[in-house]
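Structure record follows, encoded as structure tokens.
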Amino acid sequence: MPIDPSPRSVSVLIPLALPAPYDYEVPAGLIAEEGAYVIVPLGAQQMLGVVWGPGTGEVDAKRLKPVLEVLDAPPMPAALRRFVDWIAAYTLNPRGSVLRLALRAPGALEPQRMRTAYRLADARPARMTPARLRVVERASDGFARTARELAEEAGVSDGVVRGLIEAASLLPVDLPTEAPFPEPDIGAREKALSPEQSAAASVLRARVEAGRFATLLLDGVTGSGKTEVYFEAVAEALARGKQALILLPEIALTSQFLDRFEARFGCKPAEWHSELSQRERRRVWRGVAEGRARVVVGARSALFLPFSDLGLIVVDEEHEAAFKQEEGVIYHARDMAVVRASLGDFPIVLSSATPSLETVVNAQLGRYERVVLPERHGTAELPEIAAIDMREEPPERGRWLSPRLVSEIVEALGRGEQAMLFLNRRGYAPLTLCRTCGHRIECPQCSSWLVEHRFRRELVCHHCGYTAPVPKACPSCGAEEALVACGPGVERIAEEIAERFPEARIAVLSSDNLRGPQSHEEVFRAIEAREIDIIVGTQIVAKGHHFPWLTLVGVVDADLGLENGDLRAAERTFQLLQQVAGRAGRAERRGRVFLQTYMPEHGVMRALVSGDRDRFLDREAAARERLGHPPFGRLVGVVLSSENAAQAQKFAREMARAAPQAEGVSVLGPAPAPLAMLRGRTRLRFLVKSARNINVQAYMQAWLSALKVPGSVRIAVDVDPYSFL
Ligand code: ADP
Ligand code: ZN
């Protein structure tokens with residue numbers, strides 16, 4: 001067949017906020033297949049892009065700019081490209097902005113740097129010295145080493161090694177600078193599964209074996225062995241030559257988890273999270289693209305890795321709000337993982353002890369297959385949960401722990417066990433108030449109070465990070481010694497504990513005093529080793545940890561999450577407290593949990609005490625259905641913000657007028673956002689509600705594309721919002 005001599009054109013998507021790919025010419029001699037990473041000119045710049053498909057022909061072929069270079073990397077798989085398109089359309093973002101999420105490994109597209117090592121040649125030097133002989137002996141095992149390593153191991157100077165290189169007795173070889181990925185050993189299981197676990201595992205295995213899209217809900221109480229069970233699905237994917245991805249909420253990505261993986265598969269998995277060095281990112285990205293990295297354990301952004309042959313995704317703690325990316329491209333990683341699995345036509349496992357209402361409803365409707373593990377593994381039993389009515393059993397003045405909880409702690413410590421107090425509030429006190437004039441210290445840039453952090457001796461804004469020293473006098477009336485800390489944060493609870501139990505060894509766990517996974521690990525190890533008696537922590541302690549000696553959990557303020565009355569407040573409070581409760585009594589000793597509450601009659605408290613989760617979820621579902629809330633209806637949040645309050649308000653009114661009329665869609669707002677000011681920007685909200693069968697994206701497109709947004713105004717669109725601040 002004659003070769004087509006005319007220049008071919010391709011469309012190239014560039015990772016900038018661009019809605020569509022641009023056409024480029026492929027010069028003779030270059031091969032730019034679909035998915036290829038290329039360098040193209042854009043204006044005066046050269047940009048990285050990805051070949052998205054054939055040229056669209058929208059630009060005259062004679063005016064096309066050429067592709068400058070095709071990079072040496074496996075092309076981006078079609079499933080990932082379609083995933084980028086899908087997310088862009090669903091979340092109403094430019095495709096280029098979504099593509100950027102898939103290119104977050106600087107340097108991954110450049111050839112790997114090599115280091116020079118040396119191995120022994122057949123030729124011996126004309127002049128052999130004792131020093132040279134030592135080097136030759138060292139190198140005779142056939143392994144390549146750097147000049148430095150050879151000199152050190154043989155105990156000779158660098159000059160000796162150099163002499164042997166010059167004499168061609170040592171030959172240079174290029175070695176990769178990066179560590180290889182170990183091959184997981186699917187036969188390495190140490191733990192035998194219980195019959196229930198085996199049954200659950202075989203359902204999962206069968207779906208992986210079938211190799212088709214299917215969503216499975218692995219619904220098992222805390223401690224039932226969900227991890228062990230889904231590891232079997234991972235093993236099955238590996239046995240079929242596929243890659244597997246385990247998505248975890250970032251803070252659950254602990255070395256405890258990696259150790260468990262290693263116990264099952266004989267090696268560590270590849271990791272992907274925000275604390276990786278650039279070098280590690282490059283290594284993992286490249287390893288995934290080339291199929292060398294077989295299993296990745298990662299935070300939500302791992303969804304955008306260029307897996308060459310992905311065959312399974314597991315989303316652990318699927319109910320976690322941390323899977324929602326709230327900035328930039330706003331997406332829910334759990335939902336997008338399901339989309340990814342459907343595009344790649346392979347199964348996905350959603351695992352949780354407290355699955356989200358969305359997922360439970362999908363299971364009830366038969367869209368997801370439910371696999372249940374009803375009991376804790378081995379002899380461990382679920383903890384007993386009781387409410388303490390704070391109206392009946394209040395703490396002493398200026399204290400936060402009720403007498404009953406305190407005496408339970410005394411008893412637990414007396415038995416040599418550990419206690420944990422949970423309060424989902426960082427810092428010492430959420431509000432600083434002037435006793436003289438009533439002034440409340442607020443953030444100058446946000447409509448929120450500054451939170452006192454006593455360890456750091458600062459007032460901190462939890463929204464923008466603004467900090468200020470704690471003032472001596474009231475900034476408003478000048479009264480001295482008049483400022484009081486109102487309400488407790490974890491630091492204040494730790495203070496009370498230290499006063500009440502001066503002998504006890506206390507650990508405070510919150511994101512403020514634990515930076516990076518390393519320091520977490522130290523504390524967790526200390527807890528496991530029983531070097532700690534009482535743990536005081538925020539939600540950091542709620543997730544996935546296994547502390548065999550922890551038998552008592554006290555929730556300091558069980559009502560806290562119910563205060564912000566958004567549509568998931570009850571569901572989330574239930575999930576969080578159930579997870580916290582699940583930390584207690586995970587080994588032989590039974591756990592006890594106390595919830596301090598002013599609303600013991602509230603549905604959430606009742607469900608926790610009775611353990612009747614399904615009834616609680618049924619009622620929640622019924623209420624949401626009545627209101628047309630998700631998952632029975634659709635929501636889109638729109639936040640517009642500006643440094644200029646008047647302009648924000650004016651534009652919000654314009655936007656409201658421009659909202660198209662459509663059957664089954666209602667637009668609420670504009671209203672000042674609950675967080676009415678953030679980082680100096682005034683914020684207003686709309687909430688779009690629609691029935692489930694409505695294409696709400698099309699509605700939003702029609703609305704947004706007709707707007708002329710002033711330069712000072714920013715619009716953030718949040719499809720399926722979880723935050724209503
Ligand atoms: P979940 O994820 O459901 O909370 P895990 O998988 O963390 O439960 O298991 C809870 C604890 O029980 C872990 O320490 C785990 O090692 C242990 N475990 C679970 N299944 C087994 C088993 N079959 N054999 C031995 N230990 C197990
Ligand atoms: Zn602030």
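Bear in mind the structure is a predicted one, so any value in this text is a computation, not a measurement. Note that the numbering runs from 1 along the sequence shown for the chain. Read the numbers this way: they start at 1 and go in the same order the structure lists the ligands and their atoms.
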Item to check | Heavy-atom donor-acceptor pair, Q243 side chain to A293 backbone, under 3.5 Å | outcome: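 Yes: the side chain of Q243 pairs with the backbone of A293.
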Look at ligand 1 and say whether [X] reaches it with a heavy atom at a distance under 4.0 Å.
{"X": "V221", "result": "yes"}
{"X": "R376", "result": "no"}
{"X": "A192", "result": "yes"}

Atoms of ligand 1 less than 4.0 Å from [X] heavy atoms?
{"X": "T227", "value": "2 (O), 5 (P), 6 (O), 7 (O)"}
{"X": "S224", "value": "1 (P), 3 (O), 8 (O)"}
{"X": "L193", "value": "23 (N)"}
{"X": "T222", "value": "4 (O)"}
{"X": "Q197", "value": "19 (C), 20 (N), 21 (C), 22 (C), 23 (N)"}

Checklist outcome for this item: Checking heavy-atom distances from atom 13 (C) of ligand 1 to each of E228, K191, R260, H377, the winner is R260
Checklist entry - If we only count N/O pairs under 3.5 Å, is G220 in contact with ligand 1? => result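 Such a contact does not occur with ligand 1.
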salt_bridge([X], [Y]) N-O dist < 4.0 Å:
{"X": "R714", "Y": "E643", "result": "no"}
{"X": "R205", "Y": "E209", "result": "no"}
{"X": "E417", "Y": "R589", "result": "yes"}

Is a side-chain donor-acceptor pair under 3.5 Å present for [Y] with [X]?
{"X": "E250", "Y": "S274", "result": "yes"}
{"X": "Q579", "Y": "Q575", "result": "no"}
{"X": "S447", "Y": "R683", "result": "no"}

Checklist entry - Is the distance between the Zn ion (ligand 2) and the nearest N/O/S atom of H462 smaller than 2.8 Å? => result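 Of the N, O and S atoms in H462, none lies under 2.8 Å from the Zn ion (ligand 2), which means no.
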Item to check | Angle subtended at the Zn ion (ligand 2) by C461 SG and C446 SG, rounded to 10 degrees | outcome: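 Between SG of C461 and SG of C446, the angle at the Zn ion (ligand 2) is about 110°.
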Next on the checklist: Taking the six-membered ring of Y428 as reference, does the cationic atom of R454 (NZ for Lys, CZ for Arg) lie under 6.0 Å from its centre and within 45° of its axis?
Outcome noted: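 Because its charged atom sits under 6.0 Å from the ring centre and within 45° of the axis, R454 does stack over Y428.
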Checklist entry - Can you tell which part of K226 has a heavy atom less than 4.0 Å from ligand 1: side chain, backbone, both or neither? => result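 Looking at K226 and ligand 1, atoms from backbone and side chain both fall under 4.0 Å.
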Checklist outcome for this item: For R376 and T222, the nearest pair of non-hydrogen atoms, with its separation, is NE-O, 2.7 Å
